[in-house]
Asks: 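Sending over a structure as structure tokens; questions will come in a sec.
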Amino acid sequence: MRFKHVAIAGMGLVATLTMMGGTALSSTLVLDHIETKNFAKKGELVFFADILDSKNKPLTEQEASKIKVQIDGEEVKGKFIVKTAKEANEFVGLGILVAAHTDYNQPDPNIFKMQRDGYQRLLNNMSNNDKVALWFYNDETMKPIEPWSSDPEKAGEAIDSRVKFAQKKPGEAPKLYYALNKVMENIKEQEDLPRRKILLLVSDGADDWIGLGRKRFEKKISSIPEMAKASGTKIYALGLALASTEHLVHLSKLANETGGIYRELGDDDVEGLADTLELISKELREQYVITFIPDEYSGGGDARVEVLMEVEASDGSKAKRVFPKKIIIPDRPVDWMKYVTWAGIALGSLLGLFLLFKLIGALLRRRGERPVYVEEDGEAVGAYKGKLTAQSGGDYAGAVFYLVEDVTTIGTLDANQVPIVAQGVSKRHAGIKIEEMRYELADFGSTNGTFVNGTKITKQFLRDGDLIQIGEVQLRFTLK
């Protein structure tokens, strides 16, 4: 059976989803935390979720396209970025409380040796970016093994050398909950731990406070979940059902109240204790970090947030569970920069259109003012400004060129207003500029030069009847 998606919502909640149809299979999930601190600035909501299959292994295939978020009962569309804690550089502060009372140090089975080996394997898999600290408790007291550090392997090695066993007979009740109180106080005092904080222990739940009576005992331990919540710490507890299971209910309750995980190992499961502890290191690395960026949601005050993912069984059936939780989502301030940008784009577009229309208008006006002429029986009729008549030049003799532009160019290229392909004529040979009824002839640096009435010129104003020599072609200039 393949897990596709799981429905999750709320904060610090544990749920079991049972697959419908076929073989029943469950998935445990915990929405550890909803982070809203980047919502005002970046529009991001970040969900931290533990999603485990029926064997308490992290699910590894999550498709962001199937995740849905509902806020106050309405689905909010947006972008999802799904990463594991390792991929998101989300590290952990891990405190370990090692059980070392007399019942754990028996030769058959030697529970202490099993848990020591498991803890060492777990710590060997931790990163130097994580922080770890270890304590032990026995029948008489609790003491630190290793203070908070970024050297998990060293901490694991210290279990062998620094744990002390009390010299009491088997059956004496240890100081489990006294030790838990002290460890929680220590975690609460730390200011430089990662956001994710876990307290891990293996225990049979036995404690000398239990003999005080149920009410007094519950009052004694009531501060533990309160301190855990205040420091953001979850309790991961492995309950060992050895001589009795009656005290394990308290460990289960503490794990559930702090949003942690509780697992119970019976007599037949004790040999797998080290494997179970090693598996936890993988779970810590593969918590999911889901960043949600809503398309249209501005926040503001209390909100009922539901994060939904589907679970699909092998027969195609689906199951959904929703665990809503109210959280405070800050108002997202007006993104004035965005509006300024859009306003700038709009104004720029309007200005561009204005200039385009102005240019088109100018071109149309120029076209409207442009001289127009026609020919009737070889004579031009219309608004031309003068003409050039070829006096000689082979095939060009007798040809007439009318001056209708403000600037008329002469040369061999077709782009010239007067195209003449003849010996001695350059590509752009010369030009006539008409301004205020004055006609100025200019040579464009031609190879063979330009002549007016036999004199080579660079620039010269023309008079009616002037004879222009360009290459082998002579042109007579006349006014209209």
Side-chain angles (χ1 to χ4, degrees), residues 10-14 29-38 46-50 85 88-99 119 122-123 126-137 142-152 155 175-203 205 207 209 218-239 250-263 280-281 283-285 287-289 325-328:
M11 183 161 51
L13 295 167
V14 181
L29 62 94
V30 179
L31 189 57
D32 166 33
H33 178 62
I34 301 178
E35 190 172 277
T36 62
K37 68 179 183 181
N38 286 331
V46 183
F47 307 100
F48 298 87
D50 291 319
N89 292 323
E90 183 75 12
F91 304 113
V92 65
L94 178 65
I96 297 177
L97 181 58
V98 179
Y119 283 139
L122 178 153
L123 291 167
M126 302 294 287
S127 161
N128 287 335
N129 291 307
D130 299 314
K131 287 202 169 184
V132 298
L134 285 78
W135 298 262
F136 76 89
Y137 76 97
M142 66 84 64
K143 289 185 178 181
I145 298 174
E146 189 72 18
W148 290 103
S149 75
S150 298
D151 191 346
K175 299 184 179 299
L176 167 62
Y177 291 101
Y178 167 80
L180 277 173
N181 265 291
K182 292 298 181 182
V183 171
M184 281 299 173
E185 288 176 2
N186 180 279
I187 294 175
K188 188 177 179 181
E189 291 169 358
Q190 305 303 311
E191 297 181 353
D192 58 348
L193 295 182
R195 182 202 62 79
R196 298 172 66 211
K197 291 180 278 290
I198 306 292
L199 173 58
L200 174 63
L201 75 151
V202 177
S203 176
D207 183 85
W209 283 354
E218 289 180 353
K219 184 177 180 181
K220 280 267 191 181
I221 68 171
S222 63
S223 61
I224 296 174
E226 293 173 3
M227 285 190 291
K229 290 177 182 178
S231 63
T233 304
K234 296 191 294 184
I235 293 177
Y236 280 29
L238 297 185
H250 306 299
L251 293 177
S252 174
K253 184 178 179 182
L254 285 179
N256 291 333
E257 288 181 350
T258 60
I261 291 175
Y262 173 76
R263 292 166 199 166
I280 290 175
S281 63
E283 295 171 12
L284 294 176
R285 289 196 305 273
Q287 182 185 59
Y288 290 99
V289 180
K325 181 74 175 180
K326 283 194 173 183
I327 62 171
I328 296 177

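Along the sequence shown, residues are numbered consecutively beginning with 1.
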Asks: Quick check: does any side chain N or O of Arg195 sit under 3.5 Å from a backbone N or O of Gly232, one acting as donor and the other as acceptor?
Replies: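 Pair absent, no side-chain N/O of Arg195 close to backbone of Gly232.
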Asks: How many angstroms lie between OG in Ser203 and CG in Leu180, if you round to the nearest 0.5 Å?
Replies: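 Taking OG in Ser203 and CG in Leu180, the distance rounds to 8.0 Å.
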Asks: Just wondering, do Asn181 and Met227 contact through their side chains at under 4.5 Å, heavy atoms?
Replies: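 A side-chain contact exists here, since the closest heavy-atom pair is under 4.5 Å.
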Asks: Do Lys182 and Glu185 touch side chain to side chain, with heavy atoms closer than 4.5 Å?
Replies: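 They are in side-chain contact.
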Asks: Run the side-chain contact (heavy atoms from CB on, under 4.5 Å) check on Lys131 and Asp192 step by step: do they pass?
Replies: CA-CA 9 Å; Lys131 287 202 169 184; Asp192 58 348; 2.9 Å; yes
Asks: Work out which heavy atom in Val46 is nearest to a heavy atom in Val289; give both atom names and the distance.
Replies: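 Result for this residue pair: CG1-CG1, 3.7 Å.
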Asks: Does Ile235 offer a backbone N or O that forms a donor-acceptor pair with the side chain of Thr258 under 3.5 Å?
Replies: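 Such a contact is found between Thr258 side chain and Ile235 backbone.
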Asks: Is there a side-chain contact between Trp135 and Asn186, using heavy atoms and a 4.5 Å cut-off?
Replies: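 Yes; the side chains approach each other to less than 4.5 Å.
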Asks: Between CD1 of Ile280 and CG of Leu200, what distance do you get to the nearest 0.5 Å?
Replies: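 The CG atom of Leu200 is 5.0 Å from CD1 of Ile280, to the nearest 0.5 Å.
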Asks: Determine whether a donor-acceptor pair (N or O, by modelled atom type, separation under 3.5 Å) exists between the side chain of Asp207 and the backbone of Tyr177.
Replies: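 Yes; at least one donor-acceptor contact below 3.5 Å.
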Asks: Hey, what do you get for CG (Leu199) to CE (Met184), rounding to the nearest 0.5 Å?
Replies: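 If we round to the nearest 0.5 Å, Leu199:CG and Met184:CE are 4.5 Å apart.
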Asks: Do Glu146 and Val132 have side chains that get closer than 4.5 Å, going by heavy atoms?
Replies: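 The answer is no, as the side chains (C-beta and beyond) never meet within the 4.5 Å cut-off.
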Asks: Is any side-chain heavy atom of Glu257 closer than 4.5 Å to a side-chain heavy atom of Ile224?
Replies: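 Not in contact.
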Asks: Restricting to non-hydrogen atoms, name the atom on Pro147 and the atom on Ala133 that form the minimum distance, rounded to 0.1 Å.
Replies: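 For Pro147 and Ala133, the tightest heavy-atom pair comes out as C-CB, 3.9 Å.
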Asks: So, Asp130 side chain and Ser127 main chain: donor-acceptor pair closer than 3.5 Å or not?
Replies: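 Present.
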Asks: Within the structure provided, determine whether Leu251 and Leu176 are in side-chain contact (heavy-atom separation under 4.5 Å).
Replies: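 Counting from C-beta outward, Leu251 and Leu176 do come under 4.5 Å.
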Asks: Hey, what do you get for CD1 (Ile96) to CD1 (Ile145), rounding to the nearest 0.5 Å?
Replies: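 Result: 8.5 Å between the selected atoms.
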Asks: May I ask you to test the Ser150-Asn129 pair for a side-chain heavy-atom distance under 4.5 Å?
Replies: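 Heavy-atom side-chain distance check fails, nothing below 4.5 Å.
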Asks: Working to the nearest 0.5 angstrom, can you tell me the gap between Glu90 CD and Arg196 CZ?
Replies: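 Going from the CD atom of Glu90 to the CZ atom of Arg196 covers 6.0 Å.
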Asks: Lys197 side chain to Ile187 main-chain N or O, any donor-acceptor pair under 3.5 Å?
Replies: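 Not confirmed, Lys197 side chain does not pair with Ile187 backbone.
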Asks: To the nearest 0.5 Å, how far apart are OH in Tyr236 and CD1 in Ile261?
Replies: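 Between atom OH of Tyr236 and atom CD1 of Ile261 there are 4.0 Å.
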